[in-house]
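Here, residue 1 is the first one in the sequence, and each next residue gets the next number.
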Amino acid sequence: MMMIKPEKVIKAITGTWLYLNVTSYFDNGTISHHEDAGLGKFPVGILTYNSNGWMSANFMSSRAEDRPPNTDIETQDVGTDAEWALIGKHTLAYAGPWYVSETTKEVEVGQITHGPTLVAWVPTWVGKEFQKNYTLYNNATVIRFKSKSQDGSNGDMFFRRLDSGKAD
């Protein structure tokens, strides 16, 4: 099988991606209706990949009850420790290198790896690697990542490329 050069994959994936949705399902095809305890059913997030091999992932719950409205970083006394803990509990963020870990004859299908992570919102994620099987659609404007969660369910996460500096 002819392999595509990783540089072409890097070029196709480099950019900023807005999280659209996830579908979780079990191996038998049954849809999992499990809501992520931290991020909820409709999280918001962005993935960013640069051509120098660095990436960041930032996600948070969109549920109003997970995002106290009066917290602010301008002064230390705005927001209680409990409110800041709530925000932290419903956030996911990490950053580090990324690389092409598997290629196929098509740029649109393969695997990339995030990590080993250099920073993460929880200490246990520092140094971890996350493999992502990807498929690019619509002239590389939509990407799907396939993954397996801790409960054994599969996940198809979809993102849309952001090119304009605006969330269109």
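- No side-chain heavy atom of Ile10 sits less than 4.5 Å from a side-chain heavy atom of Tyr99.
- Contact check for His114 versus Tyr49: side-chain heavy atoms found under the 4.5 Å cut-off.
- The closest donor-acceptor contact from the side chain of Arg161 to the backbone of Leu18 lies at 3.5 Å or more, if one exists at all.
- Shown here is Asp72, whose CG atom has more than 12 heavy atoms of other residues, nucleotides or ligands within 6.0 Å.
- Remark: Ser24 OG to Met157 CE distance equals 9.0 Å, nearest 0.5 Å.
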Check the pair Asn28, Thr30 against side chain to side chain donor-acceptor pair (under 3.5 Å), reporting the backbone distance first and the verdict last.
CA-CA 6 Å; Asn28 66 6; Thr30 304; 2.8 Å; yes

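- With rounding to the nearest 0.5 Å, the separation of CE in Met55 from OG1 in Thr113 is 11.0 Å.
- Residues Ser32 and Tyr25 fail the side-chain proximity criterion, which asks for heavy atoms closer than 4.5 Å.
- Heavy-atom neighbours of Phe42 CZ from other residues, nucleotides or ligands within 6.0 Å: at or below the threshold of 12.
- Contacts of Lys146 classified as salt bridge (charged side-chain N to carboxylate O under 4.0 Å, His left out), with partners at least two apart in sequence or in another chain: Asp156.
- No chain of hydrophobic side-chain contacts below 4.5 Å, direct or via other Ile, Leu, Val, Met, Phe, Trp or Tyr residues, connects Phe158 to Leu47.
- Here Phe59 pairs with Tyr19 under the ring pair (Phe, Tyr, Trp, His ring centres under 6.0 Å) rule; sequence neighbours left out.
- In terms of heavy-atom proximity, Trp98 sits nearest to Asn50 at NE1-O, 3.1 Å.
- Here the side chains of Pro97 and Leu118 are in contact, with some heavy-atom distance below 4.5 Å.
- One finds the OG atom of Ser147 at 5.5 Å from the NZ atom of Lys132 (value rounded to the nearest 0.5 Å).
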Please tabulate, for the side chains in residues 124-131, all donor-acceptor contacts under 3.5 angstrom to protein atoms that are two or more places apart in sequence or on a different chain.
none

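- Under the 4.5 Å side-chain criterion, counting only non-hydrogen atoms from C-beta, Ile87 is in contact with Pro68.
- Atom CZ of Arg67 sits about 8.0 Å away from atom OG of Ser62, to the nearest 0.5 Å.
- From Ile143, atom CD1 reaches atom CG of Leu136 across 4.5 Å, with rounding to the nearest 0.5 Å.
- The salt bridge (charged side-chain N to carboxylate O under 4.0 Å, His left out) pairs that include a residue from residues 111-120 number zero, where partners must be two or more places apart or lie in different chains.
- Leu92 and Leu86 fall into different hydrophobic clusters, where Ile, Leu, Val, Met, Phe, Trp and Tyr side chains are chained together by heavy-atom contacts under 4.5 Å.
- Asn138 places no side-chain N or O within donor-acceptor distance of the main-chain N or O of Val142, the cut-off being under 3.5 Å.
- Within the model, atoms CD1 of Ile46 and CH2 of Trp17 stand 13.0 Å from one another, a figure rounded to the nearest 0.5 Å.
- Put simply, the side chain of Met60 reaches to within 4.5 Å of the side chain of Val44, judged on heavy atoms.
- Residues satisfying the salt bridge (charged side-chain N to carboxylate O under 4.0 Å, His left out) criterion with Arg63, sequence neighbours excluded, are Glu35, Asp66.
- Taking the side chain as every heavy atom from C-beta outward, Ile112 and Ile13 approach each other to under 4.5 Å.
- For Trp121 (side chain) and Thr91 (main-chain N/O), a donor-acceptor pair under 3.5 Å exists by modelled atom type.
- Two residues are said to be in side-chain contact when any heavy atoms from C-beta on lie closer than 4.5 Å; Arg144 and Tyr137 meet this criterion.
- Under a 3.5 Å cut-off, the side chain of Thr80 and the backbone N or O of Glu83 do form a donor-acceptor pair.
- Under the rule for a side chain to side chain donor-acceptor pair (under 3.5 Å), the partners of Asn133 that lie at least two apart in sequence or sit in another chain are Gln111.
- Of the possible polar contacts, none joining the Asn52 side chain to the Trp54 backbone as a donor-acceptor pair under 3.5 Å is found.
- Not one N or O on the side chain of Asp81 forms a donor-acceptor pair closer than 3.5 Å with the backbone of Trp84.
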